[in-house]
Amino acid sequence: MRAPSGKFLEPNAMTSPSASQKSLTLQQIFAPVADGLIGINDALRGIATLDYPIVKGSVEAIIAAGGKRLRPAILFLCANFHNYDLEKLVPMAAAIELLHTASLVHDDTIDNSLIRRGLPTLNSVMDEGTTVLVGDFLFAKSAVLSTMGGKMRATRIFAESLVTISEGEIEQKFSSHHMTATIDQYYKRIYSKTAVLFAAAGEIGAVVADAPEDEIERLRFYSKQLGMAFQVVDDILDVHSTAEQIGKPTGGDLRQGTMTLPTFLYMEKASPSEQADVERVIEGFDRSDAAVNAVLARINASDAVSRAAQVARTFVEEAKSAIASMPDVPARRSLLDLADFVIQREY
């Protein structure tokens with residue numbers, strides 16, 4: 001199994017969370033950039049400018065539902081080392097969050113998901129065509145915002161990330177329901193799906209703040225590895241939690257014919273008959289609740305979840321090592337704490 005890269009590993013990197021760090025909330029972690037996060041919420045509230053009340057209300061609800069605001073927070077924290085100019089940073093952070101939101105709208109449409117964050121998805125209350133158009137509207141709004149940071153390089157990073165996300169969606173569409181995918185393809189997919197936007201947030205924050213090139217590279221790498229860990233943990237939660245914990249039905253990836261890391265690792269040690277049961281689910285021959293739940297039970301009874309969790313921890317260790325030698329400012333402590341938070345989500 002190919003695992004994290006090892007880039008920027010340093011012998012004295014702080015990679016183990018302390019007991020006090022384990023109890024930190026996101027609000028505490030994001031304290032150094034609370035002003036920026038207030039600004040982004042204000043910016044996002046002005047997005048829903050459509051003249052159609054039903055659609056306008058739906059867009060407002062999507063934005064209000066929010067989430068953890070991880071990507072904007074990363075952007076602000078990575079900018080906090082140098083020229084922290086909120087007038088330039090807030091539009092870029094809003095663009096990143098809006099791009100993330102638009103991608104979720106399209107994801108839910110492609111996957112026919114009805115619940116997200118415990119709430120009905122847009123495509124559960126609108127027809128598919130309208131939902132796609134709303135997603136496109138959010139993509140367009142995010143693109144406009146990305147031009148307002150005053151840095152052409154930041155806008156280019158944003159645009160390249162959008163291309164990568166779109167390519168990842170296309171690849172997932174054509175590779176689902178097949179057992180021919182590899183773990184290397186899985187890592188590529190979660191980079192396109194999740195980590196690229198984390199990486200863009202870190203890099204854009206550093207670029208807009210006029211950080212030196214070495215720090216830009218380190219902050220992008222930190223953010224990318226954090227995003228990889230975040231998605232691995234998400235994939236663990238999909239097989240090893242309850243619907244109440246994650247705000248949507250568990251086993252969703254199996255039902256959609258998508259191979260994730262816990263399933264790959266389970267298949268490595270499964271018997272031929274156990275592998276055949278997984279294949280029937282992934283390839284769509286039997287996606288009954290009984291079949292899916294049987295596969296989930298076997299994955300959880302194996303060591304696949306603990307092995308996948310170790311991969312996530314390795315990504316986090318690499319992320320923390322990348323910024324270990326950077327200036328010891330509050331933002332650096334927050335980035336280290338955030339890395340710990342990502343792998344301490346319940347699973």
Side-chain angles (χ1 to χ4, degrees), residues 40-41 43-72 75 91-148 155 157-176 189-201 204 227 230-231 234 246-249 252-253 255-258:
I40 187 182
N41 288 331
L44 291 172
R45 276 193 287 270
I47 292 299
T49 57
L50 294 160
D51 293 330
Y52 305 95
I54 295 177
V55 179
K56 183 175 187 290
S58 297
V59 171
E60 288 175 339
I62 293 169
I63 293 171
K68 299 179 179 68
R69 303 291 195 229
L70 288 178
R71 296 152 192 83
L75 187 149
M92 298 306 304
I96 288 287
E97 184 69 359
L98 205 56
L99 175 54
H100 170 58
T101 302
S103 69
L104 294 183
V105 170
H106 280 184
D107 277 350
D108 290 339
T109 305
I110 293 168
D111 298 337
N112 197 29
S113 299
L114 303 180
I115 299 291
R116 182 179 287 278
R117 296 169 182 156
L119 300 172
T121 58
L122 192 61
N123 62 287
S124 71
V125 296
M126 292 183 177
D127 64 86
E128 182 177 313
T130 302
T131 305
V132 170
L133 288 173
V134 171
D136 291 345
F137 170 79
L138 296 176
F139 275 125
K141 281 285 191 177
S142 70
V144 172
L145 285 169
S146 76
T147 67
M148 298 171 64
T155 302
I157 294 165
F158 179 90
E160 290 170 348
S161 301
L162 175 53
V163 171
T164 300
I165 291 170
S166 301
E167 288 175 343
E169 289 289 358
I170 293 170
E171 189 276 335
Q172 181 169 335
K173 179 68 174 177
F174 285 97
S175 65
S176 60
R189 186 177 79 238
I190 68 170
Y191 170 73
S192 299
K193 177 180 181 179
T194 300
V196 67
L197 204 50
F198 276 71
I204 287 171
F230 184 89
Q231 187 58 51
D234 257 14
I246 62 175
K248 58 183 178 180
D253 292 318
R255 290 183 173 90
Q256 292 156 14
T258 301

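Side chains included, hydrogens not; waters and symmetry mates left out as well; all remaining heavy atoms used. Counting from 1, the numbers follow the sequence of the chain as shown.
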Any idea which heavy atoms bring [X] and [Y] closest together, and the distance?
X	Y	value
Val105	Thr131	CG1-O, 3.6 Å
Ala95	Phe158	O-CE1, 3.5 Å
Ala200	Ser161	CB-OG, 3.2 Å
Tyr191	Thr164	CE2-CG2, 4.0 Å
Ser142	Leu98	N-CD2, 3.6 Å
Gly227	Thr194	O-CG2, 3.7 Å

Quick one: [atom1] on [X] to [atom2] on [Y], what's the gap to the nearest 0.5 Å?
X	Y	atom1	atom2	value
Ile96	Arg71	CD1	CZ	9.5 Å
Phe198	Leu75	CZ	CG	12.5 Å
Glu97	Leu70	CD	CG	8.5 Å
Arg69	His100	CZ	NE2	9.0 Å
Leu104	Leu99	CG	CG	9.5 Å

query: With Thr155, which residues qualify under side-chain contact (heavy atoms from CB on, under 4.5 Å), at least two apart?
result: Ser146, Thr147

- prompt: Sequence neighbours excluded, which residues qualify as side-chain contact (heavy atoms from CB on, under 4.5 Å) partners of Ala94?
  reply: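 Result, side-chain contact (heavy atoms from CB on, under 4.5 Å) vs Ala94: Ile40, Ala43, Leu44, Leu145.
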
Go through the structure and list residues passing side-chain hydrogen bond (donor to acceptor under 3.5 Å, both in side chains) with [X], not counting sequence neighbours.
X	value
Arg189	none
Ser103	none
Glu167	none
Asp253	none

